[in-house]
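Before any comments, here is the structure.
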Amino acid sequence: MPEPMATLSGLRPDRFDRDGRDQLIDVRDLQAALPGIRRLRHWAHEALAVRPGESAVDIGSGTGSEVLAFAEAVGPEGAAVGVEPDPNLLTAAERRAGDVGSHARFVPGDAYNLPLGTDSVDVALCERVFQHLTSPARATAEIARVLRPGGRVVVMDSDWGTAIVHPGERDAVRAVIETLIANTTNPFSGRRLPGLLTQAGLVIDEIGSHALVQDRSVGAGALVGRISAMAVARGAITEQQRRALLEELDAGARSGDIHLSVTMFAVLAHKPS
């Protein structure tokens, strides 16, 4: 499984010192730089087609890269807002906007309670948030509430049911993937997005997807190492099976016979006029 999709929301930024927080922010930026995520973000911005003077929001804006892009697209007459619950990421985003002289704004909030007025937003983006939500229907209802009639939204998220780990003994691989699924709040979020948005009263316009493939040179990677240890702890595999799986993956990396991936889905929808 690609390391970029590790559940960073499970970390506690308040436990980090300043250097630790900056390191966490750097990791978020590195993850977002992966080719698959970059391509889906490019698709999202093209699909949303933000125009000068519009209002745009990024829900779960992290370090603010997409809000900065929105700010440039809407221009000085428009509004670009990032909503983020993590105060450390908010601070980093504000610092980034200040460094480049952007008029992007960042406000505290979460997907369940957007600090925005009803029918106030032309464009919304929400990336890799739904997999962490216990009540995703509440979040899509909030998106529908803040969108103006005719407003557009792209929601992007991974679906851990599509995870591929190769090579490896079949039972061990299955146990590791099932452990990952069991420890993700909303593991099948990707496939559920169209239904959730439809139930919120939005109209689906297009669905895109991209397999996020881990760099072969990484080998088993830190995420597989952690999840396989969890699989041992829950009795799904033995320590011997875990060591054999990690060794086989590392050997696959050396020989070129390795594939670890998960598919991310992106859904474009609009609010009926």
Side-chain angles (χ1 to χ4, degrees), residues 3-45 48 50 52-117 120-133 139 142-143 146-147 151-158 264 266:
E3 185 60 21
M5 301 305 294
T7 309
L8 284 176
S9 65
L11 296 174
R12 290 287 305 279
D14 56 300
R15 293 182 181 172
F16 290 80
D17 57 19
R18 173 60 183 271
D19 291 340
R21 286 195 294 270
D22 285 345
Q23 183 180 26
L24 174 61
I25 290 163
D26 290 342
V27 169
R28 295 287 286 253
D29 290 341
L30 177 62
Q31 293 173 347
L34 283 171
I37 294 176
R38 286 204 309 270
R39 292 187 190 106
L40 272 183
R41 283 183 170 179
H42 179 73
W43 177 89
H45 283 281
L48 290 169
V50 180
E54 289 191 316
S55 58
V57 61
D58 183 11
I59 302 162
S61 53
T63 57
S65 60
E66 304 317 290
V67 189
L68 297 183
F70 280 154
E72 185 173 351
V74 302
E77 302 302 317
V81 179
V83 177
E84 170 60 48
D86 186 328
N88 298 310
L89 294 178
L90 279 174
T91 298
E94 290 167 348
R95 185 168 63 228
R96 172 180 283 185
D99 288 344
V100 298
S102 173
H103 68 276
R105 293 192 302 113
F106 298 91
V107 296
D110 59 43
Y112 296 139
N113 299 285
L114 297 176
L116 303 166
S120 65
V121 174
D122 295 299
V123 171
L125 175 67
C126 186
E127 177 193 321
R128 290 182 291 167
V129 170
F130 274 61
Q131 64 182 297
H132 306 305
L133 300 180
E142 266 293 89
I143 291 171
V146 303
L147 279 180
R152 298 94 68 198
V153 61
V154 166
V155 182
M156 300 165 53
D157 221 319
S158 53
M264 179 179 280

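Numbering of residues begins at 1 and proceeds along the displayed sequence. These values consider heavy atoms only, across backbone and side chains, with no hydrogens, waters or symmetry-generated copies.
Qualifying side-chain hydrogen bond (donor to acceptor under 3.5 Å, both in side chains) partners for Glu54, counting only residues two or more places apart in sequence or in other chains: Arg51, Arg152. Taking Phe70 as the reference, His45 meet the ring-ring contact (aromatic ring centres under 6.0 Å, His included) condition, with sequence neighbours excluded. Looking at residues two or more places apart in sequence or on another chain, you find a side chain to side chain contact (heavy atoms under 4.5 Å, CB included) between Ala44 and Leu125, Val154, Met156. Remark: Asp122 engages Ser55, Arg148 in a side-chain hydrogen bond (donor to acceptor under 3.5 Å, both in side chains) (not counting sequence neighbours).
Counting heavy atoms from C-beta outward, Val57 and Leu114 have side chains that stay 4.5 Å or more apart. Residues Arg128 and Ile37 are in side-chain contact: their nearest non-hydrogen atoms beyond the backbone lie under 4.5 Å apart.
Taking CD from Glu84 and CG from Asp58, the interatomic distance works out to 9.0 Å, rounded to the nearest 0.5 Å. A distance of 7.5 Å separates OG in Ser65 from CD in Glu127, rounded to the nearest 0.5 Å. Interatomic distance, Asp157 CG to Leu40 CG, rounded to the nearest 0.5 Å: 11.0 Å. We find the OG1-CG distance between Thr63 and Asn88 to be 12.5 Å, quoted to the nearest 0.5 Å. Here CG of Leu147 is found 10.0 Å from CG of Leu116. Values are rounded to the nearest 0.5 Å.
The stretch residues 62-72 participates, sequence neighbours left out, in these salt bridge (charged side-chain N to carboxylate O under 4.0 Å, His left out) pairs: Arg41-Glu66.
Considering all non-hydrogen atoms of both residues, Ala139 and Phe130 come closest at CB-CZ, 3.8 Å. Of all the heavy atoms in Ala56 and Val121, the pair that sits closest is CA-CG1, 4.5 Å. Between Val67 and Val81, the shortest heavy-atom distance links the atoms CG1-C, 3.8 Å.
Under the 3.5 Å distance criterion, the side-chain polar atoms of Asp110 are left unmatched by any main-chain donor or acceptor of Pro85.
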In residues 97-109, what donor-acceptor pairs under 3.5 Å come from side-chain atoms, sequence neighbours left out?
residue	atom	partner	partner atom	Å
Ser102	OG	Ala104	N	3.1
His103	NE2	Gly75	O	3.0

